[in-house]
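First comes the structure, then the notes that go with it.
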Amino acid sequence: MTEKVLEIRDLHVTFDTPSGPLEAVRGIDLDVEAGELLGVVGESGSGKSVSFLATMGLLPARVRVTGSVLLAGEQLIGASNKYMRSVRGRLLSMIFQDPLSALNPVHRIGDQISEMLQSHQSLSSRDAAKRAMELLDIVGIPQPSDRARQYPHEFSGGMRQRVIIAIAIANNPKVLIADEPTTALDVTVQAQILEVIERVQDRFGTAVVLITHDLGVIARVADRVNVMYAGRNVEQGTIDNLFDHPSHPYTRGLLASLPRPGKQRLKPITGFPPNMVKPPRGCAFHPRCDFAADICKSEMPNLVSYGNLQTACVRARELPKSERFV
Amino acid sequence: MLRYILRRLAWSVPTLLLVTFLVYLALRIGTDPVESYKRVNPRASRAKIQQYIDINGLDPNFVQGYIKWLKNFITGEWAPSIKGRREVWPALKDAMANTLRLGTAATVVGIFFGLIAGVLAALRPGGRRDVFINTSAFVGISIPPFISAILLQLLFAVYWQRWFGESLFPTSGVYPAGHTGFDLFLMLKFMALPTIIVAIQIIATYSRYMRSSLLDVMNSDYMRTARSKGISERRILIKHGMRNALIPVVTIAALDVGSIVGGLIITENIFAYPGMGLYFLKSFGDGDFPLLMPWMVVIVASILLFNLIADISYAWLDPRIRLE
């Protein structure tokens, strides 16, 4: 068993909205092991980003966060702002979806990397600038000494995402959270960015949490996958097991909706994601589930081992074996 | 950059010529300067009138007249005012100095407090402090200077005198009657009320500019990136927030300063403050063409100049802007 760097237990995140409290994350459990690449999949509103913003302590103070998040054994939920500040960027880094707006337009690239370095290490400006250039080189930006002096608008989207990765890994964090890092990029650039992330993971042993709604991306790079629906985990397992025989109906639906060679028509999941102000009782997926029975409407399922997977479906054992998606 | 500035300065020459020609036309058509001269100097001889027409370029043909006026203006052959035959340049120079003093004081005080109020409001949008600042700003913008000026005059001059025996701030002029020489303390005392009146407007406007600009910036993705770096809130606010939020505000401020040179007409009038506004009101009332034209040139030139300064400061603050 490898070392767990991030342990999330029973995490709840609740927003106050004009139409009442909205529980975006409703008790998730999730482990990140040292050096692994964990994919977190789910559709918009499934709580995948919010869970990790909560982990980073980046949600506004009025948002209620409960549960437990242990980073290398230290509790983050309820920790002081000062402690969270020392964690962010040092032990835990995050990269975001839109590289075009994630860099400050008025500061030079090199300065934006140096700022990250100097806020957690005592480095002279010159050493920080030197290290910034090394980081630019690591993420694959040519002529780092010239590029460091440039401003974000002089970089393409893919290059900016590389810069953001360089900032995120500057202090060699234990966990790198990548929130849809390729969604805003075109396909060829996506592949390059994923390569950079994998390279960082290999070279520094950084654990990576890759949040995405793109199962194709997950299939390419992840070691393990965590599927989320309506603020809950619905299935967890290694990439091979999950793609081999998904057992949760939602995971099956996701995989069945992917285009594959030889397939004529895509099979979508019918219906819409639930309104999280009033999520369905019982299993939140039951209104859209082909296999729903009466028990699904009353009982909220927890993750239980089923074969090689952890599945949150009370009927998992009764369902027909799914087709293979490998 | 230097080339850009030089080119803009070069372009301002034809612009100035065009605008002064339009102003010349407007004054010729709108006020009939020759009639004004005759009204003010009813016993002027025919030769005197002709001399007035010649030196001011008031020929029946507008184009020829304008060229004549321009030639005299550039060579420094300025006609004296029609009322009292005063020399124009000293009067204009004093008016400019007075307005610049008042305008600078009010702008510095106003923008300083306006920006602070805007930042305080934007830090907790919707909070009690935000509501208070916003409401005050709204009240500040809504009360016209001729109301607030009279209220302050009543308070600090009339009632203060009744309560404490002497008034705190004088209500008109730059110095007491008969005063000569320079006296900083006395001058500040005379400037206090008009400065406050103008500053109230500026504080109100700029707190709103700053608030909305900073709110925009606060919600942007790069602020989230900054927070995810684990740097202090103070640094996030100043280095990432303010640095971006100030870009549009500085640009607007540069434009506003340009228009303040001619723009304090109401306040100067209420406080009998001898600046550009009062100068304009008086000379326009008299139809005093020799006084009005140079005033117009100064106003147009200052607006052109501060437009250029606004553009330069914009490019200087925002690396995405290139001046070509």
Side-chain angles (χ1 to χ4, degrees), chain A residues 49 52-53 55-62 81-109 111-121 149-154 160 163-165 167-168 170-171 173 176-177 179 184, chain B residues 1 115 119 121-131 210 213-252 310-324:
Chain A
S49 295
F52 288 96
L53 286 173
T55 301
M56 289 281 290
L58 284 177
L59 290 171
R62 59 185 177 277
N81 284 338
K82 196 174 163 220
Y83 180 68
M84 284 312 289
R85 227 173 36 231
S86 80
V87 167
R88 278 199 295 270
R90 183 172 59 97
L91 300 173
L92 208 54
S93 275
M94 194 156 180
I95 59 185
F96 300 100
Q97 178 170 343
D98 188 0
L100 295 183
S101 55
L103 290 168
N104 193 326
V106 300
H107 296 304
R108 294 174 200 278
I109 294 296
D111 294 344
Q112 298 197 41
I113 303 174
S114 298
E115 181 180 42
M116 180 70 148
L117 288 161
Q118 287 183 300
S119 60
H120 296 289
Q121 304 176 28
R149 275 197 301 273
Q150 291 182 326
Y151 290 97
H153 71 271
E154 297 169 83
R160 283 189 226 185
V163 171
I164 292 163
I165 295 172
I167 293 175
N171 297 309
L176 171 65
I177 299 163
D179 187 1
Chain B
M1 186 67 141
L115 295 190
V119 172
L123 283 183
R124 237 171 282 144
R128 232 178 302 172
R129 195 169 60 192
D130 181 29
V131 171
M210 192 61 207
S213 181
L214 190 58
L215 275 183
D216 257 11
V217 168
M218 283 304 205
N219 290 326
S220 63
D221 285 359
Y222 56 79
M223 291 301 280
R224 193 180 50 185
T225 306
R227 263 178 233 117
S228 77
K229 286 177 166 179
I231 52 183
S232 69
E233 284 298 319
R234 210 183 123 100
R235 191 179 163 94
I236 293 173
L237 177 68
I238 292 169
K239 208 166 163 223
H240 295 272
M242 294 287 281
R243 178 66 176 73
N244 279 284
L246 277 174
I247 294 172
V249 178
V250 167
T251 309
I252 298 171
D311 286 351
I312 292 170
S313 63
Y314 193 27
W316 177 61
L317 287 170
D318 191 339
R320 286 165 296 185
I321 306 299
R322 281 264 164 277
L323 299 180
E324 297 290 327

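Excluded from the calculations below are hydrogen atoms, water molecules and symmetry mates; all remaining heavy atoms, backbone and side chain alike, are included. Not measured: the values here are computed from a predicted model. Residue numbering restarts at 1 for every chain, and letters A, B, ... go by the order of the sequence lines.
Only the backbone of Leu103(A) has a heavy atom closer than 4.5 Å to any heavy atom of chain B. Looking at Leu100(A), there are no atoms closer than 4.5 Å to chain B (heavy atoms on both sides), in backbone or side chain. At a 4.5 Å heavy-atom cutoff, Ser93(A) makes no contact with chain B through either its backbone or its side chain.
Using a 4.5 Å heavy-atom threshold, the side chains of Arg224(B) and Met94(A) count as separate.
Tested against Lys229(B) for a side-chain contact (heavy atoms from CB on, under 4.5 Å), the candidates His120(A), Arg90(A), Gln112(A), Arg88(A) yield a single pass: Gln112(A).
Within a 6.0 Å radius of OH in Tyr314(B), other residues, nucleotides and ligands contribute 12 heavy atoms or fewer.
Summarising the geometry, atom OG belonging to Ser228(B) is positioned 9.5 Å from atom CD1 belonging to Ile177(A); distances are rounded to the nearest 0.5 Å. Note that CZ of Arg227(B) is 11.5 Å distant from CE of Met56(A), once rounded to the nearest 0.5 Å. We find the CG-OG distance between Asp98(A) and Ser220(B) to be 11.5 Å, quoted to the nearest 0.5 Å.
For the set Pro152(A), Ala102(A), Ser119(A), the count of heavy-atom pairs under 4.5 angstrom toward chain B peaks at Ala102(A). Counting heavy-atom pairs closer than 4.5 Å to chain A, the top residue among Asp221(B), Thr225(B), Asp318(B), Val217(B) is Asp221(B).
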Considering only distance and modelled atom types, tabulate donor-acceptor pairs under 3.5 Å from the side chains of residues 240-247 of chain B, sequence neighbours left out.
residue	atom	partner	partner atom	Å
His240(B)	ND1	Asn104(A)	ND2	2.8
His240(B)	NE2	Glu115(A)	OE1	2.8
His240(B)	NE2	Glu115(A)	OE2	2.9
Arg243(B)	NH1	Leu317(B)	O	2.9
Arg243(B)	NH2	Leu317(B)	O	3.1
Asn244(B)	ND2	Asn104(A)	OD1	2.8
Asn244(B)	ND2	His240(B)	O	2.9

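Side-chain atoms of His153(A) never come within 3.5 Å of backbone atoms of Ile321(B) as a donor-acceptor pair (strictly under, hydrogens ignored). With hydrogens and angles disregarded, no donor-acceptor distance shorter than 3.5 Å links the side chain of Lys239(B) to the backbone of His107(A).
Considering every non-hydrogen atom in both Pro319(B) and Pro105(A), the closest pair reads CG-O, 3.2 Å.
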